[in-house]
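For reference, the structure discussed in these notes is given below.
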Amino acid sequence: MEIPFTKMHGLGNSYIYLNLYQFSIKEEELPDLAKVIADKNIGIGSDGLILIHPSNKADVGMRIFNKDGSEGKNCGNGLRCVAKYAYENRLVESKNFAIETKAGNVQAEVHGDRESIKEITVDMGQPILQRSKIPMIGKDKEKVVAEAFSIDHTRLEVTAVSMGNPHAVFFVDKIEEAPLTTLGPIIEQDQRFPEGINVEFVERVNEKELHFRVWERGSGITQACGTGACAAVVAAVLNNQLEKEKEITVHLAGGDLFITWAMDGRVWMRGEAKTTVEGVFYWERNN
Ligand SMILES: N[C@@H](CCC[C@H](N)C(=O)O)C(=O)O
């Protein structure tokens with residue numbers, strides 16, 4: 001099967017984007033396709049697969065599959081790329097439009113001309129903080145903030161935030177010493193998180209900046225995670241390290257994102273999206 005694709009990234013968090021306005025793929029084939037397409041040896045190479053599809057709930061729809069074929073409910077970097085693609089390719093006419101995700105609808109705004117979109121702002125909605133809704137096992141109290149968390153003989157403190165997808169945020173003194181490769185995969189699969197978890201290590205630089213590194217559920221280390229950067233800012237406010245309503249620069253491995261947790265409870269994300277490759281993927285199914 002010949003599958004036309006566009007490869008895009010937000011700060012190095014790259015996905016293969018399929019325009020399902022033009023063709024369709026069978027539902028049961030999607031996890032396998034995501035795994036193959038994301039593999040740099042037998043596919044194209046990316047952090048996963050994103051479908052851009054018609055929606056009857058919003059102006060355009062998005063679904064995201066991680067590198068291991070699992071489906072996520074939300075993707076911040078993906079949302080900015082979908083917004084850029086949808087406006088550039090005239091799937092939408094207005095610069096301000098709604099995108100459907102498995103976690104609900106979000107509102108996106110593209111900045112710049114159709115031919116040269118500079119940045120995209122997304123209203124990421126309100127974070128979910130209740131333990132059972134992260135979900136995280138344990139006695140359900142209102143929030144999981146700086147809760148003692150021992151793992152692999154290491155004592156940490158976790159703050160858990162859902163941005164439609166689950167995040168465990170750990171503050172560290174020096175980002176370069178964060179145990180990303182050692183503890184990231186263990187925490188991702190820890191039984192306290194029944195649906196798995198995206199793992200973020202975060203260093204507060206000052207009242208306006210954070211350093212951030214991520215181990216993503218289903219994809220491992222990536223250069224950036226948009227929902228993770230939002231979760232990091234929310235976690236920092238909950239831990240009295242930052243203030244609401246201030247735009248925070250989050251320094252990720254692949255570049256910067258600008259995040260604000262507004263007084264009304266909504267989280268705003270602003271940042272770039274880039275297109276790098278367009279082509280056709282020749283997919284040989286195994287059956
Ligand atoms: N890279 C993303 C998040 C992708 C999904 C995540 N790995 C999950 O399974 O929840 C982002 O930019 O937010």
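Atoms within each ligand, like the ligands themselves, are counted from 1 in listed order. Here the structure is a predicted model, which means the values were calculated and not measured.
A salt bridge between Glu93 and Arg114 is present, with a side-chain N of the basic residue lying under 4.0 Å from a carboxylate O of the acidic one. Salt bridge annotation for Arg131-Glu147: present, with a cationic side-chain nitrogen under 4.0 angstrom from a carboxylate oxygen.
In this structure a side-chain-to-backbone donor-acceptor pair under 3.5 Å is present from Asn198 to Pro166. Using a distance-only test at 3.5 Å, with no hydrogens or angles considered, no donor-acceptor pair links the side chain of Asn66 to the main chain of Asp68.
Side-chain atoms of Thr227 and Asn165 form a donor-acceptor pair, as typed in the model, at a separation below 3.5 Å. A side-chain donor from one of Asn239 and Thr159 sits under 3.5 Å from a side-chain acceptor of the other.
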Report every pair formed by an N or O atom of ligand 1 and a protein N or O atom separated by less than 3.5 Å, giving atom names and the distance to 0.1 Å.
from     : atom 1 : to     : atom 2 : distance (Å)
ligand 1 : 1 (N)  : Asn13  : OD1    : 2.7
ligand 1 : 1 (N)  : Tyr15  : OH     : 2.9
ligand 1 : 1 (N)  : Glu216 : OE1    : 3.1
ligand 1 : 1 (N)  : Glu216 : OE2    : 2.8
ligand 1 : 7 (N)  : Asn66  : OD1    : 3.0
ligand 1 : 7 (N)  : Asn198 : OD1    : 3.1
ligand 1 : 7 (N)  : Glu216 : OE1    : 2.9
ligand 1 : 7 (N)  : Arg217 : O      : 3.0
ligand 1 : 9 (O)  : Asn66  : ND2    : 2.9
ligand 1 : 9 (O)  : Arg217 : NE     : 2.9
ligand 1 : 9 (O)  : Arg217 : NH2    : 3.3
ligand 1 : 10 (O) : Asn165 : ND2    : 3.1
ligand 1 : 10 (O) : Asn198 : ND2    : 3.0
ligand 1 : 10 (O) : Arg217 : NH2    : 3.0
ligand 1 : 12 (O) : Asn13  : OD1    : 3.3
ligand 1 : 12 (O) : Gly76  : N      : 3.4
ligand 1 : 12 (O) : Asn77  : N      : 3.0
ligand 1 : 12 (O) : Asn77  : ND2    : 3.2
ligand 1 : 12 (O) : Gly226 : N      : 2.7
ligand 1 : 13 (O) : Gly76  : N      : 2.8
ligand 1 : 13 (O) : Gly226 : N      : 3.4
ligand 1 : 13 (O) : Thr227 : N      : 2.9
ligand 1 : 13 (O) : Thr227 : OG1    : 2.6

